Structures are given as C-alpha cells and as structure tokens.
Q: 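Okay, here's the structure, questions in a sec.
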Amino acid sequence: MTTLITNIKELLQVRETSIAKVSGTEMAILPTLKNAYLILKDDLIQDYGLMENLPETNADLTIDATGRVILPTWCDSHTHIVYAGNREQEFVDRINGFSYEEIANRGGGILNSAKKLNETTEEEIYEQSKLRLEEVMHLGTGAVEIKSGYGLTIEGELKMLRVIQKLAQNYPIAIKATFLGAHAFPLHYKENKAGYIDEIITKMLPEIAQNKLADYVDAFCETGYFSVEETEKIMEAGIQYGLKPKIHVNQFNSIGGIQAGIKYNALSVDHLEIMNPEDIEALKNTETMPVALPSCSYFLSIPYTPAREMIKAGLPIALATDFNPGSTPSGNMNFVVATACIKMKMTPEEAINAATINGAYAMGISETHGSITKGKKANLILTKPVSSYYQIPYAFGSNLIESVFLEGKILK
C-alpha cells in the first residue's frame, strides 16, 4: 500500500543518511522541511521532499496535512509498564510526608509491586499491561523498552518476560525486553544478598537466555539496593548470556554506577538525577547513552537531570518516561518532552532529538527508528493544526496528536 501525505507544514527530524545519535551542540539542530510531502510504501518511508518537487505518485491513500506537523514517533527507552495493580496508597503516603526510601523500608515500593505481581495470573497481567501499551501508542510512542523486575522470583520474572514477548507479538510497535531481576532484594533474601545474586546468575539468566526472553540486562545500582560490586557481577553474567547491560544509576546518590556501566559498555545509564562533575567527565567519548526521566523527577519531587551541564560537556541525552506504578504512573512522552523543556531547560529541538533519534539509540534500534529517513519504519506522529512545533512542549496539557502511524498504518 502506498500512502501520500501532502502539504505538510513542517516535516521534522529529516535525515538523508541514518545516524546513530546526536551529542552536545548537535542536539540543538533539528533538520526540517517546510511545505513538504511524504510517501510511505507498506511499512517503510519511501520518499519525501518539498511540495514543489512532488513526483507523480499512484497512491492508494492521500492525506492533506495542511497546517500540520509530522515527526517520527517517540522512542521510549525506559519503562516498566508490565505490572499488576497500582500503588495509589503510596502516592497519598508521599503527600503525607513519607519519602520514597521510607515507603520502601516499610515494605512498600518495588516489594509491594512484586507481591501483587506474584499473586496475579499471567493472563491478567497481560490484560492490564496491554491497556497501558495501547494508551502510549495513541500518545505517539512507536517503540518502547519494557523491563521485568516486579517478580523477584524465577517464576515471577519469567512470567513478566513472557507477557512482554506476547505484547511484542500482538502489537505493531517495536518492543525491547530488559531483564531487571536486580531491581530490589526480596524479603526472604534480606540477610542473604549474595544468595539472591547467585539465584539471578545461576538460575534466572540461564532460563531467560535459553528461552530468548530478553535483549538487555539491568540493575538498580543505588544505596540500599545493589552496590557497584553487585551490579558489576550481574552485568558480567548478563554479557556471558548475550545480554547487553543497561543500568539504573544516580537516582538518589552518586556511588560509581555510571563508571561501572561504562566499564561494561552499557548501552545506556538511566535516571541521572544526581550528577557529579566526575560522572559527566566519565561519560565523555563513550558509546553509553545518558537517559533522563523527567516525569519521575516531577512525580517524586526530586532533582532533574542536569541537561544543560551535560550538553555543554558534549554529551548526548535521551528522554524516556520510566512508566511504572510507583514513581511515574504515566507513559506520556509528550509530557516528558514538555517537562524537559520547562524544568531541564532543554530547547524543543534538543528535547525532540532526545525523544526520537537518541531514544532509538538507547534501545538499539536507531537503524530502523527515530528519524524521517528513506527505508526506516513508517512510524509517524501527525499533529493537529499548530502554529509551530514549539506548541508541542508549550501546550503541555493538550493532546496535539491527530493521528499516529505505526508501520505505515493509521492507528485506530
């Protein structure tokens, strides 16, 4: 099927040749075409250009995009959207003065989600999770990474990863799966942390690798969770089973997790609310993508990733939602982009680059997603009529999306 979109007010993130990522001052450059056309052939981008150069096209569907902007769908490289139930009560507890750490110490937090998940059937977890996935697709997300980590048992972790696999099979959205058994220590291993790490390495990882249930391995490297040494053990083991590392680091403290991630060539280091000069320095000239999660900072009232300092140092940044029941119960990438502009002082160009091409890099899919490039997936956001693309972060509470295209088809 051939789809022709004409009279596009502005076509964003146009890249003649595919690039992996943008860094530093390059993040402020968002290549665009005004008064453009775009041709989709089946699930791929076939051609684009200025309306004055529109070739004769035998299209099955023609769409007039007068007054509208088109950009690639968002690439959300950090989510936990497979879970059971919710943690609304903890939301109220925080309003009443309890910190995230205090709630966790009382048996809440990740352990609360793990208890609910292990009590819920795989079928019910799938039914709950598919609703969240459908929601983010309609909000313009065309690729998403989903982590396990609310099982904390062999059965629970495998159950989560099978649900992620089923979602990937049933929906026209790119999904990457990450094994996050090292999300927290289960209660029965509280006094035997080495025992739980041994279970991750000798029991969980072999089973996951044998069944090809994950692309990446992750750990929550943080005070009170997994130490740098423990995180390194898990990364080493994951690599042996063919899983590339991604790590949660520097959410509350800087303890050397970034340096550990770089040492093991992690695809991304995520959170980064607390960044020391040496953390920024360590990331220079590496292949590791720093990922900021601004809606987590918003929801928990914790610091925001220091984007301006990092970009000034020449680093790239990706943006993601951290969609999860405890610290970010939202998968709205439009809000993430707006919050990055409002609270992290990223320009709209930087934020859109961070949420598209750099997000794709942080998921390992930049060859197929994240830009308007011939041969890439036809995953697009068509906005409602807007004055300019600046309206996307400016009108942060409005839904400016008219249509979402996934693999060349309009999402119903």
Side-chain angles (χ1 to χ4, degrees), residues 5 7-38 45 48-51 65 67-77 139-143 289-292 294 305 307-308 310-312 314-320 333-363 365-374 376-396 400-402 404-405:
I5 308 174
N7 302 312
I8 303 164
K9 180 170 184 166
E10 195 158 7
L11 185 60
L12 309 186
Q13 193 57 283
V14 177
R15 306 276 178 180
E16 274 295 322
T17 54
S18 186
I19 61 166
K21 63 182 188 289
V22 288
S23 307
T25 55
E26 294 174 342
M27 288 198 65
I29 301 166
L30 183 66
T32 74
L33 290 176
K34 293 184 178 178
N35 192 25
Y37 70 87
L38 181 63
I45 295 166
Y48 57 81
L50 299 175
M51 279 301 294
R68 294 157 175 82
V69 167
I70 286 182
L71 65 155
T73 48
W74 309 121
C75 296
D76 188 354
S77 67
L139 288 167
T141 294
M289 176 64 71
V291 179
T305 302
R308 289 265 52 93
M310 293 166 68
I311 292 169
K312 186 179 178 183
L315 299 183
I317 294 180
L319 292 170
M333 281 291 288
N334 307 284
F335 178 74
V336 166
V337 167
T339 305
C341 294
I342 297 162
K343 294 295 187 180
M344 293 163 58
K345 303 303 180 190
M346 292 178 74
T347 66
E349 292 82 2
E350 289 168 341
I352 291 170
N353 274 323
T356 55
I357 192 69
N358 283 2
Y361 180 93
M363 293 176 64
I365 58 169
S366 48
E367 288 186 7
T368 53
H369 292 73
S371 67
I372 305 295
T373 302
K374 292 172 190 175
K376 280 196 175 185
K377 286 289 183 183
N379 285 12
L380 314 165
I381 294 171
L382 173 66
T383 71
K384 296 171 183 175
V386 291
S387 53
S388 77
Y389 65 83
Y390 289 171
Q391 205 171 334
I392 296 170
Y394 168 74
F396 69 92
L400 298 178
I401 297 174
E402 184 167 293
V404 176
F405 292 75

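The first residue in the sequence is number 1, and the count goes up from there. Predicted model only: the values in this text are computed from it and were never measured.
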Q: Mind listing the closest non-hydrogen atom pair of Ser366 and Ser18 along with its distance?
A: O-OG, 3.5 Å

Q: Once rounded to the nearest 0.5 Å, what's the spacing between atom OG of Ser23 and atom CE of Met289?
A: 6.5 Å

Q: Output every pair passing salt bridge (charged side-chain N to carboxylate O under 4.0 Å, His left out) with a member in residues 376-391, not counting sequence neighbours, ordered by first then second residue.
A: Asp43-Lys377, Lys377-Glu407

Q: Please identify each residue that fulfils ring-ring contact (aromatic ring centres under 6.0 Å, His included) with Tyr48, with sequence neighbours left out.
A: none

Q: I need the single residue from Leu139, Thr141, Val404 that forms a side-chain contact (heavy atoms from CB on, under 4.5 Å) with Thr73. Which is it?
A: Val404

Q: To the closest 0.5 Å, what do you measure between CD1 (Ile70) and OH (Tyr389)?
A: 15.5 Å

Q: State, to 0.1 Å, how close Leu11 and Ala36 come at their nearest heavy-atom pair, and which atoms those are.
A: CB-CB, 4.1 Å

Q: Taking side chain to side chain donor-acceptor pair (under 3.5 Å) as the test, write out the residues that go with Arg308, two or more places apart.
A: Glu350

Q: Any sub-3.5 Å donor-acceptor pair from Asn358's side-chain atoms to Leu319's backbone N or O?
A: no

Q: Ignoring hydrogens, what is the shortest heavy-atom contact between Val22 and Met27? Give both atom names and the distance.
A: O-CG, 3.6 Å

Q: Is it the case that more than 12 heavy atoms not belonging to Lys343 sit under 6.0 Å from its NZ atom?
A: no

Q: What pairs with Tyr394 under side chain to side chain donor-acceptor pair (under 3.5 Å), at least two apart in sequence or on another chain?
A: none

Q: Is there a donor-acceptor pair closer than 3.5 Å between any side-chain N or O of Lys9 and the backbone N or O of Ser387?
A: yes

Q: So among Thr356, Thr373, Thr32, which one has a side chain to side chain donor-acceptor pair (under 3.5 Å) with Gln13?
A: Thr356

Q: Using side-chain heavy atoms (C-beta onward) and a distance below 4.5 Å, is Val69 in contact with Gln391?
A: no

Q: Please identify which of these residues, Leu71, Leu33, Leu380, Leu12, meets the side-chain contact (heavy atoms from CB on, under 4.5 Å) condition with Ile372.
A: Leu380

Q: CD1 of Ile352 to CE of Met333: how many Å apart, nearest 0.5 Å?
A: 11.0 Å

Q: Using side chain to side chain donor-acceptor pair (under 3.5 Å) as the criterion, list what pairs up with Glu402, not counting sequence neighbours.
A: Arg68

Q: With Asn379, which residues qualify under side chain to side chain donor-acceptor pair (under 3.5 Å), at least two apart?
A: none

